[in-house]
Amino acid sequence: DIEILLRYFQKKSSRRFVLKPDALEALKKHTWPGNVRELLKICERFSQNLTGIIDAAFIQKTLSPSAKSSPTTSLEGWEEAVFQNGLKSFITHLEKRAVEEAMKRNNGKITACIKELKISSSAFYRILQEHQLHF
């Protein structure tokens with residue numbers, strides 16, 4: 001069922017990802033105590049991977065207890081991410097991440113976020129709407 005659910009969740013994702021065979025095996029071996037909801041959360045974390053290529057190491061890091069607290073903000077591998085998904089997709093992903101992080105740092109205060117990001121309020125609200133972000 002893992003493969004079927006992965007395909008379904010990937011179709012719903014705003015960003016595509018590719019699972020290497022070792023990653024798929026790691027997912028199949030996991031016990032999934034959180035059931036389908038846990039798998040959905042894992043798939044959401046896949047979209048945070050800048051390269052879009054998921055391997056067993058990324059799976060292990062994602063499934064570890066410390067990984068659930070905060071997503072990676074590294075730009076390592078950005079060239080491959082652009083090559084795999086295109087520049088527009090990469091920029092869109094960065095916009096979303098920047099707004100999410102600004103909202104966390106500013107405790108959800110929109111005016112402070114807009115000032116920090118140095119964007120117009122219309123650009124800020126466009127990003128919120130595009131990515132269905134709610135704070």
Side-chain angles (χ1 to χ4, degrees):
D1 292 350
I2 295 288
E3 291 180 65
I4 295 168
L5 289 168
L6 285 170
R7 278 193 297 264
Y8 175 75
F9 292 146
Q10 187 175 35
K11 285 180 186 176
K12 294 184 79 169
S13 174
S14 62
R15 187 162 179 270
R16 300 290 176 236
F17 54 85
V18 175
L19 284 173
K20 288 186 170 184
D22 62 339
L24 186 57
E25 287 305 311
L27 289 171
K28 287 179 179 179
K29 289 178 184 175
H30 186 62
T31 58
W32 299 107
N35 253 337
V36 175
R37 282 187 289 263
E38 184 182 5
L39 181 61
L40 174 60
K41 291 289 181 192
I42 296 297
C43 287
E44 289 171 359
R45 295 205 33 112
F46 291 168
S47 69
Q48 296 171 353
N49 180 311
L50 295 178
T51 65
I53 300 171
I54 310 302
D55 60 9
F58 186 83
I59 298 292
Q60 294 304 325
K61 189 169 56 170
T62 303
L63 293 175
S64 74
S66 63
K68 292 179 174 100
S69 61
S70 66
T72 179
T73 56
S74 170
L75 288 177
E76 187 174 306
W78 69 270
E79 295 100 337
E80 188 175 341
V82 171
F83 177 73
Q84 292 290 326
N85 302 306
L87 182 60
K88 184 172 175 83
S89 175
F90 181 70
I91 291 171
T92 300
H93 175 74
L94 288 178
E95 272 183 342
K96 178 183 177 189
R97 293 281 304 275
V99 167
E100 288 172 334
E101 294 300 317
M103 290 297 280
K104 286 178 192 172
R105 280 191 303 278
N106 292 290
N107 298 317
K109 295 179 182 167
I110 292 172
T111 305
C113 292
I114 291 169
K115 285 181 182 178
E116 178 184 322
L117 295 169
K118 296 178 177 83
I119 59 175
S120 67
S121 58
S122 60
F124 182 81
Y125 287 109
R126 177 192 53 78
I127 294 168
L128 289 180
Q129 186 176 17
E130 263 181 28
H131 299 289
Q132 300 174 351
L133 299 173
H134 306 283
F135 298 97

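By convention here, the first residue in the shown sequence is residue 1.
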Tell me, do [X] and [Y] make a side-chain contact under 4.5 Å, heavy atoms counted?
X: L40; Y: L5; answer: no
X: Q129; Y: F124; answer: no
X: E95; Y: R126; answer: yes
X: L19; Y: L27; answer: yes
X: H131; Y: V99; answer: no
X: L6; Y: C43; answer: yes
X: E130; Y: K96; answer: no
X: I127; Y: T92; answer: no

[atom1] of [X] to [atom2] of [Y]: how many Å apart, nearest 0.5 Å?
X: L128; Y: E100; atom1: CG; atom2: CD; value: 10.0 Å
X: L39; Y: H30; atom1: CG; atom2: NE2; value: 9.0 Å
X: I42; Y: I59; atom1: CD1; atom2: CD1; value: 7.0 Å

Checklist entry - Between the main-chain N or O of F58 and the side-chain N or O of D55, is there a donor-acceptor pair closer than 3.5 Å? => result yes

Item to check | Pair E101-K104, salt bridge (Lys or Arg N to Asp or Glu O under 4.0 Å): steps then yes or no | outcome: CA-CA 5 Å; E101 294 300 317; K104 286 178 192 172; 3.6 Å; yes

Checklist entry - Where do M103 and I110 land on the side-chain contact (heavy atoms from CB on, under 4.5 Å) test, with the steps shown first? => result CA-CA 7 Å; M103 290 297 280; I110 292 172; 4.3 Å; yes

Checklist entry - What are the two closest non-hydrogen atoms of A102 and C113, and how far apart are they? => result O-SG, 3.4 Å

Next on the checklist: Test side-chain contact (heavy atoms from CB on, under 4.5 Å) on K20 and I54; report intermediate values, then the result.
Outcome noted: CA-CA 6 Å; K20 288 186 170 184; I54 310 302; over 6 Å; no

